[in-house]
Structure formats: C-alpha cells, structure tokens
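These numbers were taken from a predicted model, which means no experiment stands behind them. In what follows, chains are A, B, ... by sequence order, proteins preceding strands, each numbered from 1. These values consider heavy atoms only, across backbone and side chains, with no hydrogens, waters or symmetry-generated copies.
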Protein chains: 2
Amino acid sequence: MTMDARRERTGTRVTVKDLARDLGMSVSTVSRAFHADAVIARETRVRVLARAKEIGYTPNPFARSLITKRTRIVGLVVADITNPFYPEVMTRLTSDLRAIDMNVMLVAADQSGTVDDALRLLLNYQPDLVIILAATLSSAAAQECRKSETPVIFFNRLSGEAGSFGVTCDNEEGGRRAADFLIDRGHRRLAYVSALADASTNVERHRGFANRAAERGIEAPVVLEAGSFSYAAGHRAAEAMRTLKARPDGVFCANDIVAIGFLDAVRQDLGLSVPGDLSVIGFDDVEMAHWPSHALTTIRQPVDEMLAATVALAKTLGADAGAEPVIRRIAPGELIERQTTRDRRAD
Amino acid sequence: MTMDARRERTGTRVTVKDLARDLGMSVSTVSRAFHADAVIARETRVRVLARAKEIGYTPNPFARSLITKRTRIVGLVVADITNPFYPEVMTRLTSDLRAIDMNVMLVAADQSGTVDDALRLLLNYQPDLVIILAATLSSAAAQECRKSETPVIFFNRLSGEAGSFGVTCDNEEGGRRAADFLIDRGHRRLAYVSALADASTNVERHRGFANRAAERGIEAPVVLEAGSFSYAAGHRAAEAMRTLKARPDGVFCANDIVAIGFLDAVRQDLGLSVPGDLSVIGFDDVEMAHWPSHALTTIRQPVDEMLAATVALAKTLGADAGAEPVIRRIAPGELIERQTTRDRRAD
DNA sequence: CTGAAAGCGCTTACAG
DNA sequence: CTGAAAGCGCTTACAG
C-alpha cells in the first residue's frame with residue numbers, strides 16, 4: 001500500500017506506524033525519538049525527526065495523553081470580560097503558555113453560576129491545570145477540581161478555597177499607597193468606591209486604604225457601593241454620592257473601569273469638576289487610563305510579574321502536579337499621577 | 001477489587017469498564033447508551049445513564065475522538081485584541097459554542113506572523129473547525145488547514161483564500177451610510193481614516209464611503225492613514241491631518257477605537273473642537289462609544305446576528321465537514337447619532 | 001540500543 | 001437487542 005493510499009484510509013494523518021514503516025524501524029523506536037528522556041541512539045533520533053518533518057508527522061496528542069495522563073491542556077476560566085484589564089492578560093497568558101508547550105482551552109462564564117457547568121465539561125478534557133481569571137469558584141466546583149486532582153491557580157482574584165494556588169498583586173499595599181497619596185496632598189474626606197463586595201481584590205484594597213487612613217488619624221473613608229467591577233457600576237456609585245451629607249474630596253476606586261464610570265457620572269450627571277471638586281484614583285493602569293479623555297491617576301498593576309509568576313507556577317505544576325499550594329503576592333507598581341487628582345493643601 | 005481500589009490504580013477516573021462491571025453489562029452496551037443513534041433497549045440506556053451519573057462516569061473525549069475522528073474542539077485564533085470589540089465576541093462565541101457542545105481551544109497571536117506556528121500546534125489537536133477573529137491567515141497556514149480538511153470561518157475580517165467560510169457585516173453598505181449621513185448634514189470635505197490597509201473591513205468601508213460620495217457629486221474623501229485598528233493609530237492619523245491644505249469637516253474612521261484615538265488627538269493636540277470644527281463617525285458601537293467621555297456617533301456592528309450566523313455555520317459543519325463554502329454578509333445595524341457629529345447646513 | 005507486546009479508554013462492525 | 005473482538009494512535013515496561 002502506498003503512503004497516500006494509507007493516509008486515505010486512515011483519515012488524513014500520518015501515524016507512527018506510517019513513519020516506522022517508511023523508516024524500516026519499529027513503532028517503539030520512532031516513538032522514543034519524540035521523548036527527550038527516552039533511551040535511543042543519537043543518530044536514530046536524528047533520522048526519525050528529520051523524516052518526520054519531511055512527511056509531516058507529529059504525534060497525536062490524544063493518543064499520547066491516553067497513556068501519559070498528561071494533556072498539556074490548561075483550562076482558562078474567564079468571567080468578567082468587561083474589564084479591559086483581562087483581554088490582555090488572556091492573550092498574553094495564552095502565548096506565554098504556548099511557549100512552554102501548553103494549550104489553552106477557554107471557558108467563558110457570562111453569568112456567575114454558569115461557571116460550574118462549564119468547568120465540569122472542561123474537567124472532562126483532563127487539563128493539567130486550571131487558571132481562573134476574574135472569577136471565583138463555587139465550592140462544589142472547587143471540590144470537583146480537587147477530586148480530579150487538577151491544580152487550580154487563581155489569577156488576580158483569590159479564593160477562599162484551601163489547597164489552591166494564587167497569583168495576585170499586594171492589593172492592601174496598593175490601598176495604603178492610595179491613602180498616603182491623597183492624605184499627603186491635603187485630602188481629608190476620603191471615600192472608597194467598592195466593587196464586587198467579597199472579591200479579594202476589593203476587600204484588600206479597601207482594607208489597606210481604610211487602615212492607612214486610620215493610622216494617619218483621618219476619619220474612616222465613606223464607602224460608596226458600586227457592586228461590581230464595571231463602568232456602569234462606577235456610574236451608579238457616583239449617583240449614590242448624592243445622598244451623602246458631606247462630599248468626599250478624595251476618592252479611591254476599586255479599579256480603573258469603575259473609576260472611569262465614576263468620573264463620567266460625577267462630571268456629567270453631578271456637574272462636579274475632577275480634580276477641581278474632588279480627586280479620583282483608580283487601580284490597574286489599563287491602557288485607556290492614559291488616554292487624554294480619561295487621564296486617570298492610578299496604581300499600576302504589576303501584570304508582567306504576575307504573568308511571569310503564573311507561567312512559572314504552570315511549569316512547576318507541569319513537572320509535579322502535587323506541588324505545595326502557594327499564594328504569590330506581588331508588590332503593586334507605581335502610582336501614576338495624571339489629571340484626576342490635585343494638591344489641596346493650599347485650599 | 002473494589003471500585004475505589006480500581007480508581008486508585010487507573011488514575012482517578014471512572015472508565016467504561018468500571019461502569020460495565022458495576023452494572024453487569026458489556027462495555028459495548030454501556031458505550032451505546034451514550035450515543036443517541038445507537039441501537040439499544042430504552043430501559044438499558046436509562047439504567048446506564050442513571051448509574052453513570054451516580055458514580056460520575058463520563059466518556060473520555062480523547063479516547064472517543066481517537067475513533068470517531070471528531071474532537072468537538074473548535075480552534076479560535078485571535079490577534080488584534082486591543083480592539084474592545086473582540087473580547088465580547090470571544091466570550092460570547094465561547095459560551096454559544098459550548099451550548100452546542102463544542103469546546104474552544106484558544107490561540108493568541110500577539111504579532112502577525114506568529115499565527116502560523118500557533119495554528120500548526122492547534123491543528124495537531126484536530127479541531128473540527130477553526131474560527132479566525134481579527135486576523136487573516138498566511139497562505140501557507142490556509143493550505144495546512146485545507147490539507148487537514150479543517151474548515152475555516154473568518155469572522156468579521158474576510159480572507160482572500162478561496163474555500164473558506166466568512167461571516168461579516170456588509171461593510172460597504174456601512175460606508176455608504178456614513179457618507180449619506182455626513183452629506184445630508186451639509187458636510188462637503190470628507191475624509192476616511194484608514195486602518196490596516198488591506199484588511200477587508202477597512203477596504204470595504206472605505207470603498208462604500210468613497211463610492212457614495214462620488215455618486216452624490218462630492219469630492220473624493222481624503223485618506224488619512226492610521227495603519228492599524230488601534231487607539232494609537234487613530235492618534236497618528238490626526239497628526240497626519242496637520243499636513244492637509246484644507247481641513248476636512250466630516251471624518252469617517254475605520255472603527256470605533258481608531259475614532260476615539262483620532263478624537264482625543266484632534267481635541268488635545270490639534271486644539272480643534274468636535275463636532276464644532278469637524279464631525280467624526282466610527283464603526284462598531286463598542287460599549288465605550290456611548291460613554292459620555294466619548295459620546296461617539298457610530299454605526300452599530302450587528303454582533304448578535306454575526307454570532308448567530310457563526311454558530312449556525314459551526315453546527316452545519318459539525319454535521320457535514322464538507323459543506324459548500326459560503327460568505328454570510330449581514331446588514332449593518334443603525335447609525336447611532338451621538339455628540340461627535342452635527343448639522344452644518346446652517347454654517 | 002531496539003523490537004514485540006500489552007494496554008490507555010473508547011467505538012463499531014460482526015455475530016448471535 | 002447484546003457481547004466479544006478488533007482497532008484508533010500512541011507509550012512503556014519487558015526481553016534481548
């Protein structure tokens with residue numbers, strides 16, 4: 001049977017068998033050529049690899065994982081995609097992971113609640129690793145991961161579940177810096193715009209902000225509830241400011257997108273001036289924060305370092321799925337002063 | 001051997017064998033219960049499915065695809081992620097595909113050029129279908145898809161390659177509408193801000209705009225080269241306007257993100273007023289277009305319909321991979337008038 | 001260092 | 001309608 005006839009019969013792919021026959025070697029030998037740590041003559045490996053390239057053979061990953069129990073698939077679970085911080089993280093993570101030969105299977109959760117089903121299907125593909133972006137897991141879902149012995153990395157937002165990995169910014173420190181920045185510049189009536197109430201990022205940023213204010217003898221920051229990490233939520237929080245007896249002069253928002261929604265509403269609907277009447281600080285430094293239309297003062301999220309830490313973790317877990325769970329907390333980047341804050345000491 | 005001991009030995013998963021033994025049936029029968037079109041007694045199927053649910057059995061998709069040659073994987077290739085139009089498309093596509101039981105394997109191409117390698121790896125996983133978002137394929141890559149008989153759908157941006165599927169907006173019609181809108185309101189010196197020069201979306205929008213202007217006896221629109229679909233590119237195009245002898249009074253931008261970059265630069269760096277000195281129209285109606293900070297007049301991209309068409313196509317191709325290639329062109333949504341355009345007839 | 005054989009978890013003709 | 005057997009494309013002890 002000619003090679004072409006064979007390929008016709010078995011679908012369109014070249015298999016080990018084809019390659020072995022072509023080279024006059026056994027299937028075992030051919031297979032070994034593709035495993036760096038396999039015992040095989042140097043010269044044999046070279047011949048196999050060369051010929052494989054010529055006829056376009058590449059091992060079928062499904063057949064391989066059936067035996068090795070490793071799939072080189074990482075499941076990426078994404079929810080809150082309206083935050084412009086995530087698209088970049090997603091794509092960069094995907095290409096960085098590809099660089100260490102891991103493939104990303106994407107799971108999108110439009111509404112919270114659907115994550116569970118999606119995750120279950122994902123788990124079917126036996127990912128070597130699951131990375132959760134911008135979401136948390138229900139404890140049922142977390143348990144399924146544990147049961148299938150799939151390590152989970154929470155990126156940015158941490159989870160209460162024990163036994164999982166985490167990579168996050170030191171959000172509390174970020175909150176403290178925001179407080180210092182405002183207080184140093186003469187702000188005295190602080191407010192925090194709170195996003196998703198129990199997201200770790202939200203809680204920690206608030207805590208750092210409030211604690212630092214207390215340490216410096218400033219009245220506790222008022223909390224304006226936005227409710228989620230979105231533009232619309234920031235908008236709503238500004239409306240809520242109407243009901244306050246005393247207007248805050250320094251506002252720290254849970255993140256940039258919330259800050260931008262807040263800004264737009266404060267200026268447009270409340271008719272106030274920023275930074276004239278009040279200063280606003282965000283968190284993340286997403287690209288649009290530097291656009292002149294927003295020019296938002298904000299704290300940079302150390303994305304590069306977070307990404308690097310995540311990939312390093314993925315690599316470790318690739319070698320040893322049973323590694324000890326660890327939370328990596330990375331210092332926030334600098335506070336970037338733009339045009340939504342000003343010095344009030346002369347007021 | 002107890003079930004638990006067996007699960008210990010074979011990793012952590014329950015297999016057909018386990019379930020068959022548990023039920024006192026053959027492996028074949030159990031397998032048949034999971035295929036709607038298999039010949040099996042109604043009652044048997046019910047029993048199998050019920051017990052499967054109890055002990056958490058679900059067929060291993062890898063083992064299955066080894067035989068069926070269908071993976072239920074769709075490869076999603078994404079490039080230009082800075083356009084906020086895409087994150088939404090990506091996640092919605094992912095969940096819609098999940099609804100028809102297809103899983104998304106993500107490939108990110110940061111730079112053009114890397115798509116080829118990424119695609120090759122993807123093809124290894126034998127996706128039933130590849131969807132290309134915001135990118136084109138090199139002809140080498142396109143040929144690899146053909147060779148492996150993997151259907152390709154181009155979403156939004158079309159490709160010159162024959163034999164592939166396409167879902168796009170009727171961009172030419174969109175361009176015509178932009179021209180009519182501006183001309184009807186007294187604009188006479190038109191300009192087009194061109195993004196990626198040979199992207200089909202860019203070419204078609206420009207063509208429709210220019211053709212309609214010609215039909216209505218208006219001088220051919222000046223072309224301002226932005227060079228890509230990004231904020232920074234729009235910014236550059238505004239700078240390029242400095243060298244023009246006559247300033248345009250009506251500008252149609254290749255898409256919203258380019259328009260926003262253009263707007264910011266026109267106002268900030270050129271010190272011009274929009275819509276006072278000139279009107280600006282975008283294309284897409286991304287979420288931020290309605291933020292008061294931009295309030296961009298734009299043409300809505302019919303995302304819902306495009307998504308629906310893509311999923312329908314995916315379904316068809318799932319049933320019959322050899323379906324006749326087709327390009328679906330969907331009428332653009334309405335032109336939404338906001339605050340970057342005004343009526344100049346009284347000027 | 002290489003090859004023959006068993007087996008990963010499934011599906012699907014083929015008998016009965 | 002059900003079961004035994006072959007086989008999908010690989011990897012990996014086990015001999016030699």
Of the listed nucleotides (dG9(D), dG3(C), dC1(C)), which one gets closest to any side-chain atom of Asn60(A)? dG9(D)
For the residue pair Leu137(B) and Ile132(B), establish whether any side-chain heavy-atom pair is separated by less than 4.5 Å. yes
Would a distance-only check, ignoring hydrogens and angles, find a side-chain to backbone donor-acceptor pair under 3.5 Å from Thr94(B) to Met90(B)? yes
His35(A) NE2 to dT2(C) P: how many Å, rounded? 15 Å
Nearest-nucleotide wise, let me know which of Ile40(A) and Val30(B) is further upstream toward the 5' end of DNA chain C. Ile40(A)
Can you find a side chain N or O atom of Ser28(A) that sits less than 4.0 Å from OP1 or OP2 on dT12(D)? no
Which nucleotide wins on minimum distance to the side chain of Ala41(A), given the candidates dC8(D), dT12(D), dT2(C)? dT2(C)
side-chain N/O Ser26(B) vs dG3(D) OP1/OP2, d < 4.0 Å: yes
Should Thr29(A) be listed as having a side-chain N or O under 4.0 Å from OP1 or OP2 of dT2(C)? no
Asp101(B) backbone acceptor or donor facing Arg72(B) side chain under 3.5 Å: yes
Is any side-chain N or O of Lys69(A) closer than 4.0 Å to OP1 or OP2 of dT11(D)? no
Atom CG of Leu19(B) and atom C1' of dG9(C): how far apart are they, to the nearest Å? 13 Å
Hey, does the side chain of Lys17(B) come within less than 4.0 Å of dC8(C)'s phosphate (OP1/OP2), counting only N and O? yes
Which part of the nucleic acid, if any, lies within reach of Phe34(B) when heavy atoms closer than 4.0 Å are counted: base, sugar-phosphate only, or nothing? nothing
Side-chain atoms of Val27(A) come closest, of dG3(D), dT11(D), dG9(D), to dT11(D)
What is the separation between atom CZ on Arg21(B) and atom P on dA4(D), rounded to the nearest whole Å? 12 Å
Rounded to the nearest Å, what distance is computed from the CZ atom of residue Arg70(B) to the C1' atom of nucleotide dT12(C)? 17 Å
Among the nucleotides dC10(D), dG9(C), dT2(D), whichever has the atom closest to the side chain of Thr44(B) is dT2(D)
Nearest to the side chain of Thr68(B), heavy atoms from C-beta on, is which of dG9(D), dC10(C), dT12(C)? dT12(C)
If you check the Leu66(A) side chain, which of dG3(D), dG9(C), dG3(C) turns out closest? dG9(C)
Measure the distance from CZ on Arg72(B) to P on dT11(C) and round it to the nearest whole Å. 13 Å
Taking atom types as modelled, find out whether Ser65(B) and Thr68(B) have a side-chain donor-acceptor pair closer than 3.5 angstrom. no
Considering only heavy side-chain atoms of Arg64(B), the closest of dC14(D), dG9(D), dT11(C) is dT11(C)
Ile67(B) has a side chain; which of dT11(C), dC14(D), dT2(D) sits nearest to it? dT11(C)
Rounded off to whole Å, could you give me the CG-to-C1' distance for the Asp37(B) and dT12(C) pair? 11 Å
Both distances below 3.5 Å, Watson-Crick or wobble geometry, any strand: find the nucleotide opposite dA4(C). none
Distance in angstrom units between Glu43(B) CD and dC1(D) C1', rounded: 12 Å
Starting from P on dG9(D), measure out to CZ on Phe62(B) and report it in whole angstrom. 16 Å
Main chain of Ala33(A), side chain of Arg45(A): is a donor-acceptor contact present, judged purely on distance under 3.5 Å? yes
For dA13(D), which nucleotide is its Watson-Crick or G-U wobble mate, given both distances must be under 3.5 Å? none
With Val130(A) as reference, evaluate Ile153(A), Leu119(A), Val74(A) under the side chain to side chain contact (heavy atoms under 4.5 Å, CB included) test and give the passing residue. Leu119(A)
